[in-house]
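What follows is a set of notes on a single structure, which appears directly below.
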Amino acid sequence: MSDLEVQLPDGSHRSLHAGATANDLAVSIGARLAKDALAAEVNGQLVDLVSALPNGARVAIVTPASEKGREVLRHSTAHVMAQAVTRLWPGAHYAIGPAIRDGFYYDFSLPGGEHFSDDDLARIEAEMRKIVGEDQPFTRSEYSFEEGLELFKDQPFKVEIIQSVKSGASEEDLAELASPSVVSTYSNTPAFRDLCRGPHVPSTARLGFFKLMRVAGAYWRGDEKRPQLQRIYGTAWESKDALEAHLTQLEEAEKRDHRRLGQELDLFSFPSELGPGLAVFHPKGGTMRRVMEEYSRSRHVEEGYDFVNSPHITKSELFETSGHLDWYADGMYPPMELDDGQNYYLKPMNCPFHVLIFKARQRSYRELPIRMFEFGTVYRYEKSGAVHGLTRVRGMTQDDAHIFCTRDQMADELTSLLTFVLDLLRDFGLNDFYLELSTRPEKKAVGTLEEWREAEETLEKVANSAGLELVMDEGGGAFYGPKISVQARDAIGRTHQLSTIQLDFQLPQRFDASFIAPDNARHRPIMIHRALFGSVERFMAILIEHYAGNMPTWMSPEQVRVLGVRDDHDSYAQEVATTLRADGVRVEVELANEPLGARIRRAKLEKIPYIVVVGDDDVAHDTLGVNSRGSNDPERGVTIDDFRERLLKEIAEHSSPEAR
RNA sequence: GCCUGGGUAGCUCAGUCGGUAGAGCAACGCAUUCGUAAUGCGUAGGUCAGGAGUUCGAAUCUCCUCCCAGGCUCCA
């Protein structure tokens, strides 16, 4: 009777009766697994537990505490939410409801153009709990194209999906249907049926550890020109603990939000008088920024860069020549028209200025490569809804440089450049990277095929020799050149796109930039754009979040605070400060007119790396009490020289008190 | 730009049915002189984002504008 055999993930084989389902397999393996099972993976494809197993299949039972299991239960939870919404708003249209990272969403259009409010989330959640309590089965059915259209005739978005799958499916739509020819649906009750490829959990009772997070607007098909739907985001997990852990993690992330820390640590602010995306840096943020910029400058000097400067405003002619006005006018601040009829623009980038510097006189191949660096402040008219803290602003300073070189020099330049980039990022404490290479777009691209191929190969070779993971973004380059970008993972595992290195085959051509080569003829230079921080503001934001505000000592605005135990220790505290200041350490003294505990507390909240406390013993023996950030165990009787040496070493090494 | 929510003291927030503004922290003053995360008392601080409207009366209701948050779109 055992006429069906399947293979389990551990390579073992198992015999089952003909027509056995995934669920039968789970039962045969063990009661516990059968109880846990949510779905199955058959030959790499996720299916319902009730689906019959083909002979010889590789089968894995999917349980809740796995990525695939969570995906299934998140998707099922989205269906439950859709049902809840249709119960509460009869006639609501539902569009798409996939599982996403940490949860799910579903897009709706409510009758009469109604909108969800935040209060509705609680109502919907309550209704969802009822549905979970009702232990409704997820029942799969398959229909023909025509039957599908009939079934969903009251659901215009579903009709559109069915039709578009018929006429050439997108990834997104395929997720909704079994295949172009079969319309699969899942129903929970006679009243609720959804178009879906599946799989789903066996019953709504298997769900329950979810929370609706927020309501948002989202365009149908992600298209700005199409109707805006009401999207509800939720998070869903396999257990109460997992849900709570996720919510706690969100709180932790919020605590290290650079906007919050920027306020708490008095680094910068966004005065509403200035408008969206325009920041001012306070003294402490200004110090942090200065340290970053000074370090970057000194490294660029070592790497053979020349320092240039360019104005913030220019006649329109420059951006007409560069072509930016043709394709980027929307992203620029509108022109200022002056008396003579000239239009002047704020610069949204520095590149054309640097090309003009290159062109200021005739160039010889002997001068190349020329590397021009500028902390260039640019202004971009970001949409008001797009600005975000320091990471997406309307005015920012790029650590921008352009390298003009010959084609022969290109490979060496790219190699040393990538090394430089990674070194610099490591100096700021980021060390978990991967690279992304965006290659030639199919349709339209300037530059010769060989140039592209050579640039791409070089970038790839350099990336590989750096020993880093390389993700290909085929066809993702700009039309004017390939790009490599460095993605960095921060302390809590988020990735940020940081540095970009971009080849440009176009701008030198538009500006007719050239150099005289050994053959005594004019040749076109290759231009490399690159920014290591991206923008100083954004890089600072990423570092603040990476360190949760506990900046390494060299970057801390105040490195040491000296506190006398009583006010008769204040003059010794001042002496200590003066000694350290002579070595360039940023030290402040807070006079003893408040209890020591209160002053220590304040300094701790300000995340100052070292709090130095001096009292009778220290005055008598020329010593210090050192309270390091991150430690609850202050040291007593440290000599000034010892502390000074330690501190200077830590600053030079870009280390932190926590690292000791 | 679009959707939802929000804007009350420097900060975090409370403010009921529309009846004339509150707390904690911070600041300032005085006292306290203290050895590692909050000393006590007191004082001052407000065009309730801005404007218009409804009302005898508006932080509270309506409309407009600005700014913020989370999304969507966008990010050369």
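Chain identifiers are assigned alphabetically (A, B, ...) following the order of the sequence lines, protein sequences preceding nucleic acid strands; residue numbering begins at 1 within each chain.
Residues forming a side chain to side chain donor-acceptor pair (under 3.5 Å) with A:Q506 (at least two apart in sequence, or on another chain): none. Partners of A:R231 under the salt bridge (Lys or Arg N to Asp or Glu O under 4.0 Å) rule, at least two apart in sequence or in another chain, are A:D107. Every residue was checked against the ring pair (Phe, Tyr, Trp, His ring centres under 6.0 Å) condition with A:Y219, not counting sequence neighbours, and none meets it. With sequence neighbours excluded, the residues forming a side chain to side chain donor-acceptor pair (under 3.5 Å) with A:E224 are A:K383, listed by chain and number. Residues satisfying the salt bridge (Lys or Arg N to Asp or Glu O under 4.0 Å) test with A:E606, not counting sequence neighbours, are A:K284, A:R561. When the side chain to side chain donor-acceptor pair (under 3.5 Å) test is applied to A:Q509, no partner is found at least two apart in sequence or on another chain. For A:E590, the side chain to side chain donor-acceptor pair (under 3.5 Å) partners at least two apart in sequence or on another chain are A:R602. For the salt bridge (Lys or Arg N to Asp or Glu O under 4.0 Å) test, no residue two or more places apart in sequence or in another chain qualifies with A:E320. Evaluation of the ring pair (Phe, Tyr, Trp, His ring centres under 6.0 Å) rule for A:F539 yields A:F428, A:F533 as partners, not counting sequence neighbours.
Remark: B:rU55 base-pairs with no nucleotide in the shown strands. Criterion, Watson-Crick or G-U wobble with two distances under 3.5 Å. Pair assignment for B:rU36: none, as no Watson-Crick or G-U wobble contacts are both less than 3.5 Å. Across all strands shown, B:rU43 is found opposite B:rA27 as a Watson-Crick or G-U wobble partner, with both distances under 3.5 Å. Using the Watson-Crick or G-U wobble rule with both distances under 3.5 Å, B:rG18 pairs with nothing in any strand shown. Checking B:rG70 for Watson-Crick or G-U wobble geometry (two distances, each under 3.5 Å) identifies B:rC3 as its partner.
Using a 4.0 Å heavy-atom criterion, one finds that A:M213 contacts no nucleic acid atom at all. Residue contacts for A:P348: at a heavy-atom cut-off of 4.0 Å it reaches a base atom on one of the strands shown. Note on A:Y480: only backbone sugar-phosphate atoms sit closer than 4.0 angstrom, heavy atoms only; bases stay farther off. Contacts of A:G277 with the nucleic acid, taken as non-hydrogen atoms under 4.0 Å apart, involve only primed sugar atoms and P, OP1 or OP2.
Applying the 3.5 Å distance criterion, the base of B:rG1 shares a donor-acceptor pair with the side chain of A:Y219. For B:rC74, the base has a donor-acceptor partner in the side chain of A:R392 [N/O atoms by modelled type, under 3.5 angstrom].
Distances shorter than 4.0 Å separate some side-chain N or O of A:Y233 from OP1 or OP2 on B:rC72. Remark: A:R231 is not in phosphate contact with B:rC2, judged by side-chain N or O atoms under 4.0 Å from OP1 or OP2. The phosphate of B:rA49 (OP1 or OP2) has no side-chain N or O of A:S272 nearer than 4.0 angstrom.
Each of A:H529, A:K483, A:R530 was compared with A:I501 under the side chain to side chain contact (heavy atoms under 4.5 Å, CB included) criterion, and only A:R530 meets it. A:V585 pairs with exactly one of A:T579, A:T553, A:L580 by the side chain to side chain contact (heavy atoms under 4.5 Å, CB included) rule, that one being A:L580. Of the options A:F116, A:W220, A:F157, a ring-ring contact (aromatic ring centres under 6.0 Å, His included) to A:F108 is made by A:F116 and by none of the others.
When atom types are taken as modelled, the side chain of A:R629 and the backbone of A:M551 share a donor-acceptor pair closer than 3.5 angstrom.
Atom pair A:R260:CZ and B:rG70:P shows a separation of 13 Å (rounding to whole Å applied). Note: CD (A:Q398) to P (B:rC75) measures 16 Å, nearest angstrom. Rounded to an integer number of Å, the gap from CH2 of A:W220 to C1' of B:rU73 is 16 Å. A:R394 places its CZ atom 10 Å from the C1' atom of B:rG1, with the value rounded to the nearest Å. Protein atom CG of A:D266 is 20 Å distant from nucleotide atom P of B:rC25, rounded to whole Å. Remark: C1' of B:rA26 and CD of A:E264 are 13 Å apart, rounded to the nearest angstrom. When the C1' atom of B:rA69 is taken as reference, atom CG of A:L250 falls 15 Å away, rounded to whole Å. Spacing between atom NE2 of A:H496 and atom C1' of B:rC75 amounts to 17 Å, rounded to whole angstrom units.
Between B:rU60 and B:rU55, the two C1' atoms lie 13 Å apart (nearest whole Å). With both ends at atom P, the span from B:rG51 to B:rU8 equals 16 Å, rounded to whole Å. Comparing the same atom, C1', in B:rC64 and in B:rC72 gives a spacing of 25 Å after rounding to whole Å. Here the separation of B:rA31 from B:rG6, taken at their C1' atoms, is 43 Å to the nearest Å. Across the C1' atoms, B:rA59 and B:rA49 are found 12 Å apart, a figure rounded to whole Å. As rounded to the nearest Å, B:rG35 and B:rC28 have C1' atoms that lie 28 Å from one another. When the P atom is used for both B:rG7 and B:rC61, the distance is 11 Å, rounded to whole Å. Separation of the P atoms belonging to B:rG40 and B:rA21 is 30 Å when rounded to the nearest angstrom.
You'll find the side chain of A:D102 stays beyond 4.5 Å of the side chain of A:Y233, heavy atoms only.
Summary of the strand contacts: A:D223 and A:H388 both lie near RNA chain B, and taking for each the nucleotide with the nearest heavy atom, the more 5' one is attributed to A:H388. In this structure, A:L278 and A:W327 both approach RNA chain B, and ranking their closest nucleotides by distance from the 5' end singles out A:L278.
Taking the syn range as angles within 90° of 0, the glycosidic angle of B:rC17 is syn.
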Would you tabulate the pairs of protein nitrogen or oxygen atoms and nucleotide nitrogen or oxygen atoms of nucleotides 8-10 of chain B closer than 3.5 angstrom?
none

Write out a two-atom table: protein N or O, nucleotide N or O from nucleotides 3-5 of chain B, distance below 3.5 Å.
residue	atom	partner	partner atom	Å
B:rC3	O4'	A:Q228	OE1	2.7
B:rC3	O3'	A:H115	ND1	3.2
B:rC3	O2'	A:Q230	NE2	3.1
B:rC3	O2	A:G217	N	3.2
B:rU4	OP1	A:H115	ND1	2.3
B:rU4	O2'	A:D118	OD1	3.2

Q) For every nucleotide of nucleotides 28-40 of chain B, 5' to 3': is a protein heavy atom under 4.0 Å from its base (B), only from its sugar-phosphate (S), or from neither (-)? A) ----BBBBBBBB-
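Taking the ring centroids of A:Y610 and A:F643, they lie under the 6.0 Å cut-off.
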